[in-house]
There are 2 protein chains.
Amino acid sequence: MGRSVESNRRIRSERHQAILAASLDLFASRGLAATKVADIAEAAAISPGLVYHYFSSKGDIFVLLVDRAISRLNEAAAELEALAISPADKLRLALGGLLKNLEESEDAARTHLFMAQAAVSEATPEAARVVMTTRGRLPYDTIERIIRAGQDAGTVQTGDAGAMAQLFWSTIKGLALHRAVDGENYRSPEPAVLLRMFLVEGD
Amino acid sequence: MGRSVESNRRIRSERHQAILAASLDLFASRGLAATKVADIAEAAAISPGLVYHYFSSKGDIFVLLVDRAISRLNEAAAELEALAISPADKLRLALGGLLKNLEESEDAARTHLFMAQAAVSEATPEAARVVMTTRGRLPYDTIERIIRAGQDAGTVQTGDAGAMAQLFWSTIKGLALHRAVDGENYRSPEPAVLLRMFLVEGD
DNA sequence: GTCTATATCCAGATAGAC
DNA sequence: GTCTATCTGGATATAGAC
């Protein structure tokens, strides 16, 4: 008895993950409205009906994915800020890591794209929008603080720190978009090129 | 008789434009699938049925909009390249103009966003995809040539010109995305900041 | 040219058998 | 836990009156 309960728990978790993974992929490449539950089911290798055994609606899956993505990004942002290195090095690390991730990890690229779609589309569920506005600003604020600290130290270019933080993330999102469109043809830019926008020469 | 024919022609043109403008707006903010023909009709202040008097399907409107947007962008790119100024100045002009456009023109921002959605979504009609792949590369190629010319002249930073051209446009697209999401809160970056990625100091 | 009414289809979600 | 069959609503697109 304990055995079958355990087994069920594992199956449940596996299906759950499979549905989420399939949904992320499809939502990122087509958007919420153009993704059919039947597509999700097929990609997850289960029947359409079973999807509703795990989630109560297509929108619910979407909201959970938004929540997860934001949580991970916020964790990473908090970790970055806590590191005992200079602001300039934090920017180098962040940009280098993000570009590398974008280039190597299909999943990371999908997530960025998914979040971009979620943020921009007025068709996104209200619950997802709430999550984004309440918890989605942290990465922006974090980068803004780092930029400001760097400006105080004289290693980061002067200028509106808020606008520069926006620029930081919009560059990443733009590249994620390109990477999704161009696929194999995507050429990752050198981190040093992007860093020229933020760091002072030689720093 | 000539009078009413003329009048009809004008009405026809006006409705045509109204439908296209409304569709661009809605497609940009929600995507093709999430936009209902009823929404388009309402935004254009006509009945749903009348939309089909002017276009044979929702997808057709989409394709025409893609075609128009690409034509305009290609024209602008060709004009830019033909100017009798230095490559560095062409980049300054292009970037300055694009940022200014993004900031001041709601319509320009919408168009960038619309094209980004069209490019990225797998739900995009095949006909639109054909247009994008056959005629959509010109702006990229143009910027790439300008960058290469600047590199030869020593006024543009060295590096993979193709990757830099991609970076150029992905930055614009990323900003368009942000501008759409943040609306009033959008802070346009200084062109000089972006130019640091491309131009050598002091040029 | 424009509208209202409607046919038709398709996708989200549910029910119930296994 | 999983499937098949089905209900139901809503959206595209058409028909026909004005």
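Naming: A, B, ... by sequence-line order, numbering from 1 per chain.
- Only G49(B), Y52(B), S57(B), K58(B), listed by number, bring a heavy atom of residues 48-65 of chain B to less than 4.0 angstrom from any atom of DNA chain D.
- In this structure, a donor-acceptor pair under 3.5 Å is present between the side chains of T124(A) and R129(A).
- Pairs of residues two or more places apart, or lying in two chains, that qualify as ring pair (Phe, Tyr, Trp, His ring centres under 6.0 Å) and include a residue from residues 87-137 of chain A are F62(A)-F114(A).
- One N or O on the side chain of D39(A) and one on the backbone of K36(A) form a donor-acceptor pair closer than 3.5 Å.
- Within residues 10-22 of chain A, the residues that have a heavy atom under 4.0 Å from DNA chain D are, in order of number, I11(A), R12(A), R15(A).
- Salt bridge E6(B)/R10(B): absent, no basic N to carboxylate O contact under 4.0 Å.
- Defined by atom type and a distance below 3.5 Å, a donor-acceptor pair is missing between the side-chain atoms of S29(A) and R110(A).
- Here ring pair (Phe, Tyr, Trp, His ring centres under 6.0 Å) pairs that include residues 70-102 of chain B, with residues two or more places apart or in two chains, number zero.
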> Given the rule in the side chain to side chain donor-acceptor pair (under 3.5 Å) test, do S188(A) and R179(A) qualify, once you have shown the distances and angles that lead to the verdict?
Replying inline: CA-CA 8 Å; S188(A) 189; R179(A) 142 98 209 213; over 6 Å; no
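- Within 6.0 Å of CD in E103(B) there are more than 12 heavy atoms belonging to other residues, nucleotides or ligands.
- Here the P atom of nucleotide dA13(C) and the CG atom of D39(A) are 14 Å apart, to the nearest Å.
- Around CD of E42(B), the count of heavy atoms belonging to other residues, nucleotides or ligands within 6.0 Å does not exceed 12.
- Of all nucleotides in DNA chain D, those with any atom nearer than 4.0 Å to a heavy atom of chain A start and finish, going 5' to 3', at dG1(D) to dT4(D).
- Remark: F55(B) engages H16(B) in a ring pair (Phe, Tyr, Trp, His ring centres under 6.0 Å) (not counting sequence neighbours).
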